[in-house]
Amino acid sequence: MVSNTTRAATASVALLVGALAAPAPAGAGGTLRIAMTASDVPTTTGAPDNGFEGLRFLGYPVYEGLVLWDLTHADKLAEIRPGLAESWEQDKTDKSKWIFHLRRGVKFHDGSDFNADAVIWNLDRYFKVDAPQSDPTGGAIARARDPWVAGYRKIDDDTVEIANPRPLSYFPGALAYLFFSSPSQFKKTGSWAEFAKAPSGTGPFQITEFKPRVSVTLSRNEAYWDKARIPKLAKMVLIPMPEATTRLAALRAGQVDWIEVPPPDAVPSLKAAGLEIVTNSYPHVWPWVMNFGKPDTPWSDVRVRRAINYCTNREGLVTLLNGLAEPAAGIYHKNDPYFGQPREQYSYNPAKAKALMKEVGYGPDKPVKAKIMISTSGSGQMLPLPMNEYLQQNLKECYFDISLEVVDWGTMLVAMRNPPTAQQTLGADAINISLAHATEFSRFTTFFLSSTFPPKGANWANWKNAEFDALVDLIEKSSDPEEIAADIRRAHEVIVDDAAWLFIVHDLNPRAMTKHVKGFVSAQSWFQDFTRIYME
């Protein structure tokens with residue numbers, strides 16, 4: 001029997017995808033139709049919004065950075081690899097500068113050349129507010145993800161220099177999140193709003209149809225510079241569907257071939273119907289990022305922060321998710337070589353949590369009151385409302401009185417780009433935002449370094465720890481991989497022992513797809529390679 005909810009979801013999907021073509025013949029590689037969790041099509045200009053889901057679908061398939069990811073393996077963590085730069089090195093006489101040797105012969109989708117002038121033009125777009133091509137929104141995203149671009153210059157047509165405010169051993173990894181768009185196409189269209197309708201990057205797919213809030217179609221770039229990665233698919237159609245029930249109904253009705261984040265309770269029935277459920281561990285954490293910037297923050301005493309970490313029933317939450325997540329005891333997974341050996345080994349221990357709370361003066365008649373900003377859906381957010389309602393009840397056990405401020409994903413992202421005392425935060429004491437931190441250290445650094453408070457970086461929490469800062473200083477100046485690895489482990493131990501966040505679960509990157517989808521490898525990364533997929 002079909003429920004009213006399913007009927008409504010199916011009807012909603014029909015409005016979204018009814019006009020989309022059926023999959024192309026297998027001989028042409030086919031058309032893959034994907035239902036995203038985003039509430040809108042990510043921006044198409046080369047600076048995608050909608051968090052890292054925007055990068056996954058409207059970033060790397062269409063645009064590229066000087067540095068890219070090796071997404072070819074399911075059995076090991078993804079590492080950075082050469083992209084639009086073939087190689088790079090620190091300047092021998094000034095370690096605060098990096099020299100990038102650009103790949104020759106690369107063309108944008110509009111046929112214009114990628115070269116040093118295009119690199120400088122794009123860096124001006126992001127970092128020079130008075131440039132004709134300045135992009136306020138894209139620039140804010142770029143500066144948050146890569147706050148270390150202090151200067152840049154063209155050396156010759158195939159070489160550029162990028163300067164940092166200080167020596168940074170991990171800087172190249174930060175460039176994996178900064179993409180390059182065609183200057184020629186921008187000049188032709190005249191504005192980023194018009195460029196969005198006819199975008200041009202260098203990636204293996206190019207955007208051939210864009211319907212705001214409905215869908216975007218990517219087509220194979222036959223002239224892609226990496227001949228080994230010319231897509232097998234003829235087309236890929238991306239459809240925003242923030243409601244999990246809508247995505248599920250679309251998959252069951254055959255209106256899409258692939259959905260991100262299937263509802264956990266539907267997994268058994270999907271498997272029984274012959275659909276594939278694909279998961280994998282990867283560098284990702286679903287935490288509460290605590291607000292240390294508020295004068296009346298409830299997190300000022302480390303015992304309270306440790307108490308909430310010991311009170312959290314992570315295994316119960318994993319059961320709620322039907323096994324589509326893993327308990328988190330830090331930013332890194334316990335199996336990650338960077339996890340280290342922190343003194344605090346967080347597990348569900350309400351007795352220990354209560355004892356810590358009582359030391360600070362809290363109890364049944366005097367709970368800690370905290371408001372948590374959560375989203376309705378979004379990139380990597382899994383099922384934020386039921387998960388946070390579970391935590392809300394769970395934490396009552398240890399004298400935490402939690403209220404939820406529910407906002408849409410875009411509102412949350414804007415809040416995270418502003419200081420924690422800004423009005424965009426709506427007075428929240430923490431924000432529940434999923435974060436993919438990858439294997440390169442720059443992403444990890446900008447979450448916690450005291451010099452990366454917004455708008456200079458992503459340390460929205462305004463957490464500050466002198467020992468962590470000192471360890472990062474050693475990492476930045478070092479060129480010894482073993483020393484760097486040891487200091488990263490110690491830095492993670494500091495974060496865990498100081499309970500900088502509430503560490504909750506690691507996402508398993510789940511997606512459901514029909515058996516017609518072939519060739520997909522679930523990389524140990526938030527990002528994925530769509531070039532090897534084909535439809536059978």
Side-chain angles (χ1 to χ4, degrees), residues 244 261 263-265 267 284-291 297-331 333-334 342 344-378 380-407 412 428-435 461 495-508 510:
V261 194
D265 59 359
V267 167
H284 180 278
V285 66
W286 192 88
W288 285 0
V289 178
M290 298 173 177
N291 185 343
T297 177
W299 317 117
S300 56
D301 194 304
V302 69
R303 291 171 292 183
V304 173
R305 306 196 299 271
R306 289 173 179 163
I308 199 170
N309 270 284
Y310 280 113
C311 190
T312 300
N313 187 351
R314 298 166 179 84
E315 288 77 10
L317 194 55
V318 169
T319 299
L320 175 72
L321 295 170
N322 209 359
L324 297 183
E326 299 170 301
I331 307 301
H333 193 285
K334 278 194 171 183
E344 303 295 333
Q345 296 286 325
Y346 299 120
S347 60
Y348 181 46
N349 190 337
K352 185 170 186 174
K354 290 177 183 179
L356 287 166
M357 293 289 277
K358 288 177 179 177
E359 285 181 20
V360 192
Y362 293 108
D365 300 322
K366 186 186 176 183
V368 166
K369 293 187 177 184
K371 180 168 71 171
I372 315 303
M373 179 184 284
I374 74 169
S375 66
T376 52
S377 64
Q381 292 293 86
M382 294 183 277
L383 299 176
L385 188 56
M387 291 171 72
N388 278 288
E389 288 175 341
Y390 175 93
L391 292 170
Q392 188 179 40
Q393 295 301 313
N394 164 206
L395 295 170
K396 284 183 179 179
E397 183 178 9
C398 308
Y399 323 132
F400 289 96
D401 182 3
I402 301 298
S403 61
L404 303 176
E405 181 74 45
V406 184
V407 301
M412 178 178 288
D429 297 295
I431 290 182
N432 166 226
I433 183 167
S434 61
L435 296 163
I495 289 168
V496 173
D497 289 337
D498 199 50
W501 294 351
L502 169 57
F503 313 110
I504 305 173
V505 293
H506 300 293
D507 180 24
L508 281 178

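The shortest distance between side-chain heavy atoms of L321 and P264 falls below 4.5 Å. Between R305 and V302, the closest side-chain pair of non-hydrogen atoms falls below 4.5 Å. For the pair W501/I331, a side-chain contact is recorded, criterion being any heavy-atom separation below 4.5 Å from C-beta on. You'll find the side chain of V304 stays beyond 4.5 Å of the side chain of L356, heavy atoms only. Taking the side chain as every heavy atom from C-beta outward, D301 and E359 never approach each other to under 4.5 Å. Side chains of M373 and V407 form a contact here, defined as non-hydrogen atoms less than 4.5 Å apart.
Taking every heavy atom of both residues into account, D507 and M382 meet most closely at OD1-SD, 3.5 Å.
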Atom pairs and distances, side-chain donor-acceptor, residues 391-403, under 3.5 Å, sequence neighbours left out:
unit_1: Q392; atom_1: NE2; unit_2: I402; atom_2: O; d: 2.8
unit_1: N394; atom_1: OD1; unit_2: N313; atom_2: N; d: 2.8
unit_1: N394; atom_1: ND2; unit_2: C311; atom_2: O; d: 3.1
unit_1: E397; atom_1: OE1; unit_2: Y348; atom_2: OH; d: 2.7

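There is no side-chain donor-acceptor pair under 3.5 Å between D265 and N322.
Under the 6.0 Å cut-off for aromatic ring centres, H506 and H333 qualify, their centroids lying closer than that.
Within the structure, every pair that satisfies the side-chain hydrogen bond (donor to acceptor under 3.5 Å, both in side chains) test and touches residues 361-371, not counting sequence neighbours, is listed here: K371-E405.
Rounded to the nearest 0.5 angstrom, I372 CD1 and W288 CH2 are separated by 4.5 Å.
R314 places a side-chain N or O within donor-acceptor distance of the main-chain N or O of N309, the cut-off being under 3.5 Å.
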